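Scroll down for the structure; my scribbles are underneath it.
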Amino acid sequence: MTYANETRRRRTFAIISHPDAGKTTLTEKLLLFSGAIQIAGSVKARKASRHATSDWMEIEKQRGISVASSVMQMLYRDHVINLLDTPGHKDFSEDTYRVLTAVDSALMVIDAANGVEAQTRRLIEVCRQRDTPIITFVNKMDREVRDPLDILDEVERELGMPCVPMTWPVGQGKSFGGIINLRTQAMTVFESGSERRPQDFEAIPLTEQAKLAERFGHEWQTAMDSMELATGASPAFDHEAFLAGKQTPVFFGSGVNNFGVMEVLDALVDLAPSPRPRKSSLIVNKQPVEKVIEPEDAAFSGVVFKVQANMDANHRDRSAFVRMASGKYTPGMKLKVQRTGKELRPTSVVTFLSQRREAVDEAYAGDIIGFTTHGGVQLGDTITDGANLQFTGLPFFAPELFMTVILKNPLRTKQLQQGLDQLGEEGAIQVFKPEVGGPMLLGAVGQLQFEVVQHRLKTEYDCDVRLEGCQYTSARWITADNAQDLREFTTTYPQRLALDAAGTLAYLCTSPYDVRLAQERFPKIHFHPLREHAGLALGSAN
């Protein structure tokens with residue numbers, strides 16, 4: 001049995017950008033035009049009762065930022081589109097990195113005034129490592145922005161691949177006239193207003209040159225000249241090169257005015273890839289053997305790339321988000337968590353529109369399904385309908401900031417433990433339990449993670465905590481080729497060892513020299529700055 005017809009209809013992509021480039025607004029508009037939502041929420045109106053569909057956490061509504069990735073499914077032109085909105089803030093980049101392992105392509109949003117910014121650069125690196133195809137949307141053309149040729153040049157330099165313009169702007173800011181669509185050979189005329197629908201914009205065929213020149217004057221001539229330069233310097237669009245992550249199609253527009261967004265939605269259907277094969281390790285005679293899992297394979301397999309606690313405050317539940325890699329899901333299936341070998345019988349399996357959920361009747365490779373879990377499932381877990389295989393590649397980065405957790409009311413110890421266990425499993429923060437006792441340690445990539453966790457401990461677990469600085473500046477996960485070497489190391493440094501949420505042993509450092517000194521003393525111990533889930537460490541020793 002093959003599910004090729006269903007998997008070909010799937011598109012699974014992440015939307016990535018620097019904060020304030022307009023990513024959440026664009027997400028809203030894609031949902032709006034596909035018919036998934038009826039009204040767009042304003043991200044800026046923070047005190048309004050209407051918030052962006054993709055921002056559901058209380059702290060997100062207060063600050064008007066995305067701090068957790070969210071998953072949205074929509075139907076457009078008979079295609080099932082799974083959109084993953086990622087946090088733009090650098091302090092939550094770990095969540096974004098993990099989301100990028102679950103998608104087949106990325107939509108990169110660039111602020112036309114600021115060009116490629118720091119956080120976008122980091123995300124580009126992750127996409128490049130995985131050869132993820134990238135579609136580029138240059139946003140905010142209705143403002144005073146940089147020259148489009150200049151932006152294109154910068155994107156090419158940063159991405160290390162050629163840009164292929166699919167639309168081209170006529171004017172900018174107050175004189176923004178619209179975009180020339182190189183695919184349809186027509187100019188769509190810009191009119192501001194966030195209530196306007198894509199079909200309401202006027203389109204003039206490029207064959208009516210005289211009419212366009214008269215109506216847009218100098219702006220038209222300038223656009224034609226710069227477009228000629230851009231298309232002359234760019235290769236023709238090559239679909240295979242795009243799929244291999246070797247060129248990026250570029251679109252211009254204004255998300256807040258619904259302008260140029262429909263062209264992006266169409267490109268996701270026409271150009272973006274359907275689910276792709278995934279590498280896994282098959283366990284044969286207790287030895288891992290590499291196996292490629294094809295999306296249309298009949299056997300169910302998927303990987304947990306996100307665990308989110310308390311999406312429904314009334315039920316104190318946890319949702320595990322699974323990216324399906326192959327097969328078909330139907331209600332009542334018997335599934336198995338490969339890490340523990342335990343059977344999993346999810347009762348309520350859903351697809352998402354941010355916080356809104358719909359029960360799943362069937363799902364295929366490329367889809368993101370969520371199920372309620374009461375523990376027993378961790379980030380990076382492989383879930384199958386029986387086959388003993390393991391997907392790899394879900395990264396955890398060594399934290400660079402540490403705090404100790406001091407509970408204000410000692411009677412809330414049980415709630416604190418539960419809160420830290422769940423938030424650690426979720427990946428919202430890294431939780432380390434010192435081997436020799438003492439207060440729990442929180443490790444983060446950015447300061448804002450601490451604030452969010454402190455806020456969530458109070459609102460979701462009724463735990464008021466104080467976070468205090470400590471002497472640790474970094475951590476390294478440790479492994480050894482044999483148990484005796486590891487035993488010698490742990491006996492020598494008991495004060496420096498802690499277990500993370502997955503039960504993986506870590507060495508805590510107080511200075512950059514700690515690892516070097518420990519490495520010289522114990523050359524057979526491997527120190528890892530990055531680990532994959534469940535104790536599978538990546539990278540060579542530092």
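Bear in mind that the values here come from a model prediction, so they are computed numbers and not experimental data.
Sparse packing is recorded around CZ of Arg8, with 12 or fewer heavy atoms of other residues, nucleotides or ligands lying under 6.0 Å away.
Salt bridge Arg10/Asp104: absent, no basic N to carboxylate O contact under 4.0 Å. Ion pairing between Glu154 and Arg146 holds under the 4.0 Å rule for side-chain N and carboxylate O. Under the 4.0 Å criterion applied to side-chain N and carboxylate O atoms, Glu214 and Lys211 are not assigned as salt-bridge partners. Ion pair Glu208/Arg215 not flagged as a salt bridge, since none of the NZ, NE, NH1 or NH2 atoms sits closer than 4.0 Å to an Asp/Glu carboxylate oxygen. Comment: Asp297 does not engage Arg278 in a salt bridge, judged by the lack of any side-chain N to carboxylate O separation of less than 4.0 angstrom. Ion pairing between a basic and an acidic side chain is recognised when a charged N comes within 4.0 Å of a carboxylate O; Arg77 and Asp266 show such pairing. A salt bridge is defined here as a Lys NZ or Arg NE, NH1 or NH2 lying under 4.0 Å from an Asp or Glu carboxylate O, and Asp238 with Lys246 fails to meet this definition.
Between the side chains of Asn388 and Lys336, a donor-acceptor pair is found at a separation under 3.5 Å. Inspection of the Ser301 and Ser326 side chains reveals an N or O donor paired with an N or O acceptor under 3.5 Å. Defined by atom type and a distance below 3.5 Å, a donor-acceptor pair is missing between the side-chain atoms of Gln390 and Ser281.
Between atom CZ of residue Phe252 and atom CZ of residue Phe137 there is a gap of 10.0 Å, rounded to the nearest 0.5 Å. Considering CG of Asp142 and NZ of Lys174, their distance stands at 10.5 Å, rounded to 0.5 Å. Here CE of Met333 is found 9.0 Å from OG1 of Thr384. Values are rounded to the nearest 0.5 Å. The distance from atom CG of Asp385 to atom CG of Leu344, rounded to the nearest 0.5 Å, is 12.0 Å. Atom-to-atom distance recorded for Phe300:CZ and Met324:CE is 5.0 Å, nearest 0.5 angstrom. Taking CG of Leu389 as the start and NZ of Lys279 as the end, the distance is 15.0 Å to the nearest 0.5 Å.
Using a distance-only test at 3.5 Å, with no hydrogens or angles considered, a donor-acceptor pair links the side chain of Glu156 to the main chain of Cys163. Remark: the backbone N or O of Lys291 is paired with a side-chain donor or acceptor of Ser280 at under 3.5 angstrom. In terms of modelled atom types and a separation under 3.5 Å, the side chain of Asp367 and the main chain of Ile369 share no donor-acceptor contact. Checking side-chain atoms of Ser105 against main-chain N and O of Pro273 turns up no donor-acceptor pair under 3.5 Å. Using a distance-only test at 3.5 Å, with no hydrogens or angles considered, a donor-acceptor pair links the side chain of Gln185 to the main chain of Leu182. At least one donor-acceptor pair closer than 3.5 Å links the side chain of Gln172 to the backbone N or O of Val145. When atom types are taken as modelled, the side chain of Thr7 and the backbone of Ala365 share no donor-acceptor pair closer than 3.5 angstrom. The main-chain N or O of Gly366 is found under 3.5 Å from a side-chain atom of Asn82 such that the two form a donor-acceptor pair. The closest donor-acceptor contact from the side chain of Arg323 to the backbone of Ala102 lies under 3.5 Å.
The heavy-atom pair separating Phe391 from Thr382 by the smallest distance is N-OG1, 2.9 Å. In terms of heavy-atom proximity, Arg183 sits nearest to Leu271 at NH2-CD2, 4.2 Å. In terms of heavy-atom proximity, Pro169 sits nearest to Met141 at CB-CE, 3.6 Å. In this structure, Gly178 and Phe259 approach most closely via the heavy-atom pair CA-CZ, 3.7 Å. Contact detail for Asn139 and Gly255: the closest heavy-atom pair is OD1-N, 2.8 Å. Across every non-hydrogen atom of Ile180 and Met224, the tightest pair is CD1-SD, 3.9 Å.
Counting only heavy atoms from C-beta outward, the side chains of Leu265 and Tyr76 approach each other to under 4.5 Å. Side-chain contact between Glu263 and Ile179 is present, with heavy atoms from C-beta onward closer than 4.5 Å. The side-chain heavy atoms of Arg276 and Leu243, taken from C-beta on, include a pair separated by under 4.5 Å. Counting heavy atoms from C-beta outward, Val80 and Gln73 have side chains that approach closer than 4.5 Å. Side-chain contact check for Leu107 versus Leu30: some heavy-atom pair is nearer than 4.5 Å. Within the 4.5 Å cutoff, no side-chain heavy atoms of Pro275 are placed close to those of Tyr364. The side-chain heavy atoms of Asn257 and Phe176, taken from C-beta on, include no pair separated by under 4.5 Å. Using a 4.5 Å heavy-atom cutoff, the side chains of Pro165 and Leu152 are in contact.
Evaluation of the salt bridge (Lys or Arg N to Asp or Glu O under 4.0 Å) rule for Glu228 yields no partner, not counting sequence neighbours.
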